[in-house]
Amino acid sequence: MVENGESVTGDLFGEPSEVRLGDGAHLLKGFALAEAARLLDGVRQVAEVAPFRIMHTPGGKPMSAAMTGCGSYSWVSDRAGYRYSATDPQTGQPWPAMPADLLALAQSAAAAAGYPGFTPDVCLINRYEAGSRMGLHQDKDERDLSAPIVSVSLGLPMTFLWGGHKRNDRPARLLLEHGDVVVWGGPDRLRYHGVAPLKAGSHPLTGGCRINLTFRRAV
Ligand code: MD3
Ligand code: FE
């Protein structure tokens, strides 16, 4: 198990491996590597219908990462607050359906981590460019907190900050690389977490950015 303040890196040879981060958190190192190009094609299809955009906090501050989403709902933030919405406020249209390859990957990762029968209704997609970050927060807008969240990292590597159950708990730092999948559930579902500023770089599949997918059972 990883204690706060420790750091974790991948294994030397890039083989898929599983690391238990906590009682409910499973790092599936490289789990999505073979599927990565297909997943990114799915992201491009989604973004043609629901473009990446910078949302604003209810207080009016622009967020650092650009976002879009697919599935029956996606997460939106504006002056009125945070919520899951069945329509994209930018187009007034329903969010694009979740591409089958994305859904299949999320379901197989959840099952591999001990959460069979995971049926996400949301895939939130975050796009980070050099300097983009995400402050420590909890994900608690989802109705059923017994369902896990499956996250998939694509493109440039970043340092994930994995906190405790209080905002002030010092976070562990974890390098998440292209193809890594983490399944967060059970006692780790409500941990504070965030992302350190993305370092500039270039990735063959994503160029200068990192794409993160989070699959959720939200509504
Ligand atoms: C741990 N995204 O979209 S993914 C988010 O890299 C979010 O884009 C980050 O935090 C990103 O809300 C982190 C890893 C992650 C996602 C959800 C979690 C870790 C989590 C929920 C509970 C605990
Ligand atoms: Fe989060």
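What you see is a predicted model, and the numbers here were worked out from it, not measured in a lab.
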Considering non-hydrogen atoms only, spot the tightest contact between Ser64 and Ser132 and give its length.
OG-CA, 3.1 Å

May I have the list of side-chain donor-acceptor pairs in residues 101-112 shorter than 3.5 Å, sequence neighbours left out?
residue	atom	partner	partner atom	Å
Gln107	NE2	Phe118	O	3.0
Ser108	OG	Ala104	O	3.2
Ser108	OG	Leu105	O	3.2

Please find the pair of heavy atoms, one from Ala32 and one from Val181, that lie closest to each other, and give the distance.
CB-CG2, 3.8 Å

Criterion salt bridge (Lys or Arg N to Asp or Glu O under 4.0 Å) on Asp144 and Arg189, from CA distance to verdict:
CA-CA 11 Å; Asp144 178 7; Arg189 176 65 181 76; over 6 Å; no

Which atom pairs, one a donor and one an acceptor, fall under 3.5 Å between side chains of residues 203-219 and the rest of the protein, sequence neighbours left out?
residue	atom	partner	partner atom	Å
His203	ND1	Leu205	N	2.9
Thr206	OG1	Cys209	O	2.7
Arg210	NH2	Ser153	OG	2.8
Asn212	ND2	Val152	O	3.3
Thr214	OG1	Arg216	NE	3.0
Thr214	OG1	Arg216	NH2	3.0
Arg216	NH1	Tyr84	OH	3.2
Arg216	NH1	Asp139	OD2	3.1
Arg216	NH1	Glu142	OE2	2.9
Arg216	NH2	Asp139	OD2	3.0
Arg217	NH1	Thr119	O	2.7
Arg217	NH1	Thr119	OG1	3.4

Working for side-chain contact (heavy atoms from CB on, under 4.5 Å), residues Lys140 and Leu190
CA-CA 7 Å; Lys140 52 182 184 186; Leu190 284 176; 3.8 Å; yes

For a quick test of reading the model, state the closest non-hydrogen atom pair linking Asp180 to Leu175 and the distance between them.
OD2-O, 4.1 Å

Can you sort out the partners of Ser151 under side-chain hydrogen bond (donor to acceptor under 3.5 Å, both in side chains), two or more places apart, ordered by chain and number?
Trp184

Flag, side chain of Arg83 to backbone of Gly81, donor-acceptor distance under 3.5 Å:
yes

Are any non-hydrogen side-chain atoms of Leu174 and Thr159 less than 4.5 angstrom apart?
no

Report yes or no: does Glu177 contribute a side-chain atom to a donor-acceptor pair with the main-chain N or O of Pro157 at less than 3.5 Å?
no

What is the minimum heavy-atom distance between Met134 and Tyr128, and which atoms define it?
CE-OH, 3.2 Å

Is a side-chain N or O of His165 found less than 3.5 angstrom from the main chain of Pro187, in a donor-acceptor match?
yes

Cation-pi check, Arg127 onto Phe52 ring (under 6.0 Å, within 45° of axis):
yes

Indicate yes or no for a side-chain donor-acceptor contact from Asp78 to the backbone of Thr57 under 3.5 Å, with no hydrogens or angles considered.
no

Check the pair Leu161, His193 against side-chain contact (heavy atoms from CB on, under 4.5 Å), reporting the backbone distance first and the verdict last.
CA-CA 5 Å; Leu161 304 172; His193 59 277; over 6 Å; no

Which heavy-atom pair separates Gly186 from Tyr115 by the least distance, and what is that distance?
N-OH, 3.3 Å

Has Ser85 got a side-chain atom pairing as donor or acceptor with Val76's backbone, closer than 3.5 angstrom?
no

Is there a side-chain contact (heavy atoms from CB on, under 4.5 Å) between Val43 and Val46? Walk through the geometry before answering.
CA-CA 5 Å; Val43 170; Val46 168; 5.7 Å; no

Under the 3.5 angstrom rule, does the side chain of Trp95 hit a backbone N or O of Thr87 as a donor-acceptor pair?
yes

Within 45 degrees of the ring normal and closer than 6.0 Å to the centroid, is that where the cationic atom of Arg191 sits relative to Trp162?
yes

Sub-3.5 Å donor-acceptor pair from the side chain of Asp121 to the main-chain atoms of Ser72, do we have one?
no

Do NZ/NE/NH1/NH2 and the carboxylate oxygens of Asp41 and Arg38 come within less than 4.0 Å?
no

For a quick test of reading the model, state the closest non-hydrogen atom pair linking Ser74 to Cys123 and the distance between them.
OG-O, 4.4 Å

Could you tell me whether the side chain of Arg53 and the main chain of Pro51 form a donor-acceptor pair under 3.5 Å?
yes

